[in-house]
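Below, chains carry the letters A, B, ... as their sequence lines are ordered, and counting in each starts from 1.
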Protein chains: 2
Amino acid sequence: MMRNIFLGFIRIHILHHANEGDIFGVWIMNELRRHGYSIGAGTLYPILHSLEKEGYLKRRDEVVNGKVRKYYRITEKGVNALEEAKPKIKELVEEVI
Amino acid sequence: MMRNIFLGFIRIHILHHANEGDIFGVWIMNELRRHGYSIGAGTLYPILHSLEKEGYLKRRDEVVNGKVRKYYRITEKGVNALEEAKPKIKELVEEVI
DNA sequence: CTTTCAATATCGTTAAGCGATACTATGCTA
DNA sequence: TAGCATAGTATCGCTTAACGATATTGAAAG
């Protein structure tokens, strides 16, 4: 029951965090686990790729501690999508809560 | 983007309405359309069936205008699930909004 | 007993989620 | 400079969910 909702929300959460700073796959997985949710790599990475492909995120490769990380940051299009989504989500949630 | 979120929410919406009164398939479809969302029969009915099977809803058949309707109403288990879900949803949404 | 109609049900296809496993590129060690 | 260890990313194959389209149901009307 909650898993569905969480999954529906995951793209919004990703955009939200990518709006506040640079994020990367493993960081997101940890962040979500901190909040009691978990997502596998096989789910997360395809989502990141599609968000990038659709222009909501942009990618920047960087070497950190000798390992390559793919940092993602929100784009203008992503910001717009996020801002458009917020009131709709609010409406959707407030009816029930 | 919004479709995902809406779909994640649909079970909660169904439970919510089934908590306020008797509901049935077509009514739900219309109710959602009023709010700007749509769901096909091929998606909705399997969801209703599974919610019933898992004990969140109970069904009652009734004849209305010479047609058989399957009315659904929330169960005790459904009420519990709904009440448990609310604060989690709130938390999930408030971080982003 | 045939037709009509609102409503429900399901079939076959497409898309999404997921665990498991493999890959990549760098720094470290010697 | 060859070899190894490791964080992080990528993808394969399977399972489950969403969906449009089409079929089925059963009471009532004629």
Please confirm whether the shortest side-chain N or O distance from [X] to OP1 or OP2 of [N] is below 4.0 Å.
{"X": "B:R3", "N": "D:dC19", "result": "yes"}
{"X": "B:R11", "N": "D:dA18", "result": "yes"}
{"X": "B:T43", "N": "D:dA18", "result": "no"}

In whole angstroms, how far is the [atom2] atom of [N] from the [atom1] atom of [X]?
{"X": "B:M29", "N": "D:dA21", "atom1": "CE", "atom2": "P", "result": "14 Å"}
{"X": "B:F6", "N": "D:dA17", "atom1": "CZ", "atom2": "C1'", "result": "14 Å"}
{"X": "A:K70", "N": "D:dT9", "atom1": "NZ", "atom2": "C1'", "result": "6 Å"}
{"X": "B:L44", "N": "D:dA18", "atom1": "CG", "atom2": "C1'", "result": "12 Å"}
{"X": "A:I47", "N": "D:dA10", "atom1": "CD1", "atom2": "P", "result": "14 Å"}
{"X": "A:N4", "N": "D:dT16", "atom1": "CG", "atom2": "C1'", "result": "11 Å"}

Within residues 48-66 of chain B, the residues having a heavy atom closer than 4.0 Å to DNA chain C are B:H49, B:R59
Got a salt bridge between A:E83 and A:K86, using NZ or NE/NH1/NH2 to carboxylate O under 4.0 Å?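 Salt bridge present between A:E83 and A:K86.
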Check this for me, if you would: do B:E31 and B:R34 make a salt bridge, where the nitrogen-to-carboxylate-oxygen distance has to be below 4.0 angstrom? yes
What distance separates A:I47 CD1 from A:H49 NE2, expressed to the nearest 0.5 Å?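 Rounded to the nearest 0.5 Å, the CD1-NE2 separation comes out at 11.0 Å.
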Flag this pair as yes if the NZ/CZ of B:K70 is under 6.0 angstrom from the six-membered ring centre of B:F24 and inside a 45 degree cone about the axis; otherwise no. no
Once you measure the plane-to-plane angle for B:H13 and B:H16, does it fall in the parallel (<30°), tilted (30-60°) or perpendicular (>60°) bin? perpendicular
Exactly one of B:M29, B:M2, B:R3 clears side chain to side chain contact (heavy atoms under 4.5 Å, CB included) with B:Y37, and that residue is B:M2
Looking only at heavy atoms, which two atoms of B:I74 and B:L57 are closest? And how far apart? CA-CD2, 3.9 Å
Which pair of heavy atoms, one from A:M1 and one from B:L15, lies closest together, and at what distance?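 Looking at all heavy atoms of both residues, the closest pair is CE-CD1, 3.6 Å.
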Are the side chain of A:K77 and the backbone of A:T75 linked by a donor-acceptor contact shorter than 3.5 Å? no
Want to settle it: does A:V68 or B:A41 sit nearer the 5' end of DNA chain C, counting the closest nucleotide to each?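 Final value for this comparison: B:A41.
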What is the nucleic acid contact for A:I39, judged by heavy atoms within less than 4.0 Å: base, sugar-phosphate only, or nothing?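 The answer is nothing, as A:I39 stays clear of every strand by at least 4.0 Å.
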At a heavy-atom distance below 4.0 Å, which nucleotide of DNA chain C is the first touched by chain B, and which is the last?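 The contacted stretch runs from C:dC5 to C:dT10.
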